[in-house]
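On a predicted model such as this, the values are computed, not experimentally measured, just so you know. Below, read A as the first sequence line, B as the second, and so on, with proteins coming before strands; counting in each chain starts at 1.
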Protein chains: 2
Amino acid sequence: MAVTIKDVAKKAGVAPSTVSRVIADSPRISTDTKKRVRKAMKELGYHPNVNARNLAVRSSKAIGVIMPSSAETALQNPFFPEVLRGVGTVAHDTEYSLYVSTGGNDQQLYEEVKRMVYGHRVDGIILLYSRMNDAIMDFLVEEKFPFVVVGKPYENESSITYVDNDNVSASKELTKHLIDFGHKNIAFIGGTTDLVVTSDRFEGYKQALIESGIKVREDYIINDEFNRSSGKKAVEKLLKLKNPPTAMVISDDMMSLGVINMLEEFGLDCPEDVSITSFNNLYLSEITRPPLTTVDIQIYKLGIQGAKCLIEQLQTKDEPAKRVIVPYAIKYRSSTKRFEP
Amino acid sequence: MAVTIKDVAKKAGVAPSTVSRVIADSPRISTDTKKRVRKAMKELGYHPNVNARNLAVRSSKAIGVIMPSSAETALQNPFFPEVLRGVGTVAHDTEYSLYVSTGGNDQQLYEEVKRMVYGHRVDGIILLYSRMNDAIMDFLVEEKFPFVVVGKPYENESSITYVDNDNVSASKELTKHLIDFGHKNIAFIGGTTDLVVTSDRFEGYKQALIESGIKVREDYIINDEFNRSSGKKAVEKLLKLKNPPTAMVISDDMMSLGVINMLEEFGLDCPEDVSITSFNNLYLSEITRPPLTTVDIQIYKLGIQGAKCLIEQLQTKDEPAKRVIVPYAIKYRSSTKRFEP
DNA sequence: CTTTTAAATATAAACGCTTACACCTATATG
DNA sequence: CATATAGGTGTAAGCGTTTATATTTAAAAG
């Protein structure tokens, strides 16, 4: 049906193997023959069949990108497109293709990863999240399948390549900033507790409080999904307290957006009544009212670095596990304010 | 190395073909044998090799998603993740995999599409944009390769399956709304002129003006990329006019955001001084100040429908070209106001 | 004018699967 | 009792590559 390597061979008057070598630009083929074969390829409009090639060489020149279960909801947070953008850039430069997960729930996602791995659909995987006791990560280490994670692995930290920010430091700095502004009642609104990023950011928050002699209050800690409605719900809860917080460190800009919205519904102003600090520096963080003081974690770079690490790992056998920390930068904007009782 | 169909066959005491039939759940195999074979597969941890399978059946059970050249910038507009989300949902339900483009420029994107098509990487393609004289679209029709476009094809409209909104109608309605509010100096800020969506929306704008006896002014028409800075630049230009517009119909929420920002920099208020209407209903359109009056084009549904059409096309030979128009809904918010000189 | 050696190309065996066809067995049919 | 029929499996030929090994050719060496 389509034109194959044999057709080219016939036309050029050589053996299929020769054509194959020409494709690979093997030095064993004389420049003369190469020219002839290339001409034949052009004329016939030949293009190699990737499936056949992949089968023969047992690789696919593709990398799988795994977003948290239900890319469906994941894609609603600009974080993922943005890291995807980074990954895509290097994939493109290195001529790798991109396979993205579509899994609806944990189980389906797991199946999908298995399909990718066992089916030889991809040569390596980038995990765009990290949480504790993740079946997928366990599976990958178990299978010794090449992968890198964007975020910090919950376990086997030293044997897994990953790219991350120094989240505890960032969170600590943020919290300190609030404390410096005279706040004492500082709430923490983080992602779900299974995420490593959640515990890291909580850790930083906690350290800051403790170092300043402020006690950590259970009822000031809220954990939920990274989206707007979680932010709203969090505010509802916090404002019900007898002693509501005057400041919050929030783990995600989308959440922060929800927080601002809900504060407004309660007739409270940010930063007048409540100061908030946030994470991610999504472009929306500049356009909220007020613009968010948030940490720029350089999402795009996370994607770039993640992809780079993976591809290095794929190309050089026995590449050691490495860790790359991309630096963060706190963007001070106007969502925080000195506490005035 | 990995466990193959032969290993399973041996273990189950049957021929490879039988195993293959069990995988396909062929009715020709007795339930007894099926049970036995399945057990063997389980025990050996067998998983079919997709490449081999694809090679044999000449298909890949994957669909390619093509974003405008440089997914890099494309991904910065939430439109794309959102339609990707829709596509992903049905891909997942139908067990197709998703291949996304990473192309940096037009040429590279074209090469990538060729790789996908010729290399049998994907069975079909979804084009997430439509513009005139697009080499990629031409290529796909030339090759008779299955594809659908999200947007309206520039030519061969009747023979290409596509899903779109009624953009001229939406745009007309928007413009009318502005006119009803007493505006006469209405500018149009659209995407680049090569995009079909741009001309459609311009058409609606024009019709509304003409029907109301308002003349279309050249200097009120601006075309640029769908992003924030284009919006800003547009405002700069428009405000330089001796007779600046009092209202604008803008083709994209990101642009609108830029417009609002720049108006503010000029000390102008929206909607007090300038009314704007927008397109897409990205979630950000609710959080801008003011919230945007924008048309909800149901991006997610566009993705769903696009993917559905493609998969139908793939599964049933000779599926006729179809057109699906996803209904839009104008979200009236507060970025427009009655004109008061 | 043989014999070596190196360069260039061809042969053929994978890679792991699907599927048309052939083959058997056991039952139904004439 | 020979024969047709159908259900269940096996055989083997692809699918389009890559690549180890073999073969041819030509130049260099003896």
Give a yes/no answer on whether the side chain of [X] brings an N or O atom under 4.0 Å of OP1 or OP2 in [N].
X: A:Tyr46; N: D:dT17; answer: yes
X: B:Ser30; N: D:dG7; answer: no
X: A:Thr18; N: C:dA10; answer: yes

In whole Å, what is the span from the [atom1] atom of [X] to the [atom2] atom of [N]?
X: B:Arg58; N: D:dA13; atom1: CZ; atom2: P; result: 17 Å
X: B:Asn49; N: D:dT17; atom1: CG; atom2: P; result: 17 Å
X: A:Lys6; N: D:dT17; atom1: NZ; atom2: P; result: 9 Å
X: A:Tyr118; N: C:dC17; atom1: OH; atom2: P; result: 14 Å
X: A:Lys35; N: C:dA8; atom1: NZ; atom2: C1'; result: 16 Å
X: A:Lys61; N: D:dT17; atom1: NZ; atom2: P; result: 17 Å
X: B:His47; N: C:dC17; atom1: NE2; atom2: C1'; result: 16 Å
X: A:Arg121; N: C:dC17; atom1: CZ; atom2: P; result: 13 Å

Subject >> Proximal nucleotide (of D:dT18, C:dC17, D:dC15) relative to the B:Ile5 side chain >> reply: C:dC17

**OP:** Between D:dG10, C:dT18, D:dG8, spot the one nearest the side chain of B:Val14, thanks.
**Re:** D:dG10

Tell me what [X] touches on the nucleic acid: a base, only sugar-phosphate, or nothing, going by heavy atoms under 4.0 Å.
X: B:Ser17; value: base
X: A:Ser20; value: base
X: A:His120; value: nothing

Original post:
So does B:Lys10 pair up with B:Asp7, basic N to acidic O under 4.0 Å?
Top reply: no

**OP:** Flag the pair B:Asp106 and B:Arg131 as a salt bridge only when some basic side-chain nitrogen lies within less than 4.0 angstrom of an acidic carboxylate oxygen.
**Re:** yes

**OP:** Could you say whether B:Ile29 or B:Ala56 is positioned toward the 5' end of DNA chain D, judged by the nucleotide with the nearest heavy atom to each?
**Re:** B:Ile29

Original post:
Does A:Arg28 make a side-chain donor-acceptor contact with the base of C:dT9, cut-off 3.5 Å?
Top reply: yes

Original post:
Under 3.5 Å, is there an N or O donor on one side and an acceptor on the other linking the side chain of B:Arg21 and the base of D:dG10?
Top reply: yes

Original post:
Do B:Asn49 and A:Tyr118 have side chains that get closer than 4.5 Å, going by heavy atoms?
Top reply: no

**OP:** Starting from the 5' end of DNA chain C, give me the residue, A:Gly13 or B:Ala52, whose nearest nucleotide shows up first.
**Re:** A:Gly13

Subject >> Partner of A:Val148 under side-chain contact (heavy atoms from CB on, under 4.5 Å), chosen from A:Thr161, A:Val324, A:Ile311 >> reply: A:Thr161

Subject >> B:Phe80 versus B:Leu128, closest heavy-atom pair with distance >> reply: CE2-O, 3.5 Å

